[in-house]
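Right, one structure below, let's go through it.
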Protein chains: 2
Amino acid sequence: MIDEPGLRQRKKLQTRTRIEAAALDLFERQGFDGTTVEEIAGAAQIAPRTFFSYFPTKEDVVLADYAGRLERIVEQLGDRPPAETPWAALRASFVVVAADYDTQRRELVRRFRIMADSASVHARSLQLQSGWEDALAAALGARMGDDTESLTSRLLASAALSAMRSSQRHWIATGQTTPLPTLVESCFDQLADGLADLG
Amino acid sequence: MIDEPGLRQRKKLQTRTRIEAAALDLFERQGFDGTTVEEIAGAAQIAPRTFFSYFPTKEDVVLADYAGRLERIVEQLGDRPPAETPWAALRASFVVVAADYDTQRRELVRRFRIMADSASVHARSLQLQSGWEDALAAALGARMGDDTESLTSRLLASAALSAMRSSQRHWIATGQTTPLPTLVESCFDQLADGLADLG
DNA sequence: GTGCAAGATTGCAGTGACTGCATAAATCGT
DNA sequence: ACGATTTATGCAGTCACTGCAATCTTGCAC
């Protein structure tokens with residue numbers, strides 16, 4: 001079942017990579033809003049129409065690898081021992097993914113910068129995260145044996161993403177001086193212990 | 001300094017209301033994406049071009065009163081005694097606004113339904129909430145005497161909005177059987193006491 | 001009231017993201 | 001090498017949104 005990647009697959013991946021590279025470069029030099037799909041297509045040597053068979057929206061080029069992360073988090077969550085507390089399981093799952101972030105530091109910071117520059121990319125990012133929240137809440141609901149729309153699983157999923165977002169933002173703002181997993185652990189722990197006495 | 005609302009102001013408000021009414025009606029009948037600005041303008045008896053001098057985007061008609069709520073929350077936050085814990089101050093502020101929600105129940109449920117139907121309205125809502133988070137984090141930072149970009153104030157603001165969103169969603173999903181302020185209090189308390197033992 | 005300044009409405013032309021459809025080109029399995 | 005399946009492309013169209021200039025309405029000073 002190991003697919004030798006045929007020429008077709010290889011070429012498609014190449015093109016995709018070429019589009020991403022060209023787009024990110026243009027975004028950095030002209031700004032996201034100052035760059036048209038036509039320009040990206042030109043720089044990537046494809047027809048403008050073809051762009052949209054690789055990415056559903058212009059924004060998604062910047063957030064290309066977001067989808068994969070959700071899968072990894074949910075996957076991690078499925079691997080956690082059932083005896084573990086939901087919050088502990090969430091914490092462990094997110095820390096694993098945060099470690100990946102540290103690995104791809106340069107690339108991610110690049111994309112974050114573009115996101116910070118453009119309102120529409122940021123909006124799209126939040127929209128995707130909202131989808132993650134749904135998936136997480138569902139996974140937690142299953143884990144906790146709830147059939148119904150549970151307020152608790154929602155709150156847990158939402159709080160976890162809050163911890164992640166806050167950590168990311170601080171990580172970027174401080175020039176990645178503290179490793180991201182450390183920040184994530186810290187945020188998760190604060191939420192674990194309660195916010196009552198903070199500040 | 002009490003402005004007697006001149007004819008000008010009154011007319012403008014009327015038009016705005018007429019646009020909102022026409023738009024919401026069309027959205028409910030044809031779906032958000034199935035309704036064009038041209039149609040809304042026609043139904044509201046204005047020129048299409050005029051629509052955009054009342055609302056910056058089509059999405060904003062659905063979220064028209066969002067802006068006011070942030071102001072009220074930040075205002076409430078400013079009125080809380082400085083001795084109070086940040087989280088306690090946040091809780092109190094949000095509960096006040098949640099009470100307003102209960103008052104305007106019918107209208108809000110209408111708008112929430114449209115938002116649930118349309119991905120772009122939902123995205124826009126998240127974007128606006130992100131702006132609130134910035135404002136809240138700044139207000140908390142000031143309250144706590146932080147000059148710097150503080151991880152803690154971010155986390156508090158973000159967690160507060162998570163509590164609000166989760167409560168709202170549950171409120172809508174359960175047909176508003178439990179009053180919203182009660183749900184909000186419950187979520188804030190769970191975050192205050194810590195998520196470690198939940199589930 | 002009359003006239004002038006400020007504000008509101010409108011039309012027009014344009015940009016740019018995105019889509020459906022039909023056709024051509026490349027690649028795959030046989 | 002050949003038919004089937006993908007993939008690339010061109011074309012025409014929709015729609016949100018914008019800048020600009022002209023026009024009309026309201027507010028206000030006199």
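Side chains included, hydrogens not; waters and symmetry mates left out as well; all remaining heavy atoms used.
- Atom CZ of B/Phe32 is separated from atom P of D/dC15 by 13 Å (rounded to the nearest Å).
- Between B/Tyr101 and B/Trp171, the ring planes are perpendicular. Angles over 60° get that label, and only those under 30° would be called parallel.
- Rounded to whole Å, the distance from CD on B/Glu38 to P on C/dC12 is 13 Å.
- Ranking D/dT7, D/dA8, D/dC15 by closeness to the A/Ser53 side chain, first place goes to D/dA8.
- Separating the CG atom of B/Asp60 from the P atom of D/dC17 is a distance of 8 Å, rounded to the nearest angstrom.
- Nucleic acid contact for A/Ser120: none, since no nucleic acid atom lies under 4.0 Å from a heavy atom of the residue.
- Between C/dA17, C/dC18, D/dT9, one nucleotide has an atom nearer to the side chain of A/Thr36 than all others, and that is C/dA17.
- Taking the charged nitrogens against the carboxylate oxygens, B/Asp134 and B/Arg154 do have a contact shorter than 4.0 Å, which makes a salt bridge.
- Contact annotation: A/Tyr54 does not reach the phosphate of D/dT7 (side-chain N/O to OP1 or OP2, under 4.0 Å).
- Of all nucleotides listed (C/dA8, D/dT9, D/dT7), C/dA8 comes nearest to the side chain of B/Lys12.
- Among the nucleotides D/dT5, D/dA16, C/dC18, the one closest to the side chain of A/Arg8 is D/dT5.
- With rounding to whole Å, B/Ile40 atom CD1 is found 8 Å from D/dA16 atom P.
- In this model, no donor atom of one side chain and acceptor atom of the other lie less than 3.5 Å apart for A/Arg18 and A/Gln45.
- Applying the 4.0 Å criterion to OP1 and OP2 of D/dT9, one finds that A/Thr50 has a side-chain N or O inside that range.
- Atom CZ of A/Phe52 and atom P of C/dC21 are 17 Å apart (whole Å).
- When rounded to the nearest whole Å, the span between CG of A/Asp33 and C1' of D/dT18 equals 13 Å.
- The side chain of A/Lys11 contributes an N or O atom lying less than 4.0 Å from OP1 or OP2 of C/dT27.
- On a pure distance criterion of 3.5 Å, no polar donor-acceptor pair joins the side chain of A/Arg49 and the base of D/dT7.
- No side-chain donor-acceptor contact under 3.5 Å links B/Ser186 to the backbone of B/Thr182.
- Classification of B/Glu84 and B/Arg91 as a salt-bridged pair fails, no side-chain N sitting under 4.0 Å from a carboxylate O.
- Considering only the side chain of B/Lys58, D/dA16 comes nearest among C/dT19, D/dA16, C/dT10.
- Put simply, CZ on B/Phe51 is 9 Å from P on D/dA16, counting in whole angstrom units.
- Between B/Gln14 atom CD and D/dT26 atom P the separation is 11 Å, expressed in whole Å.
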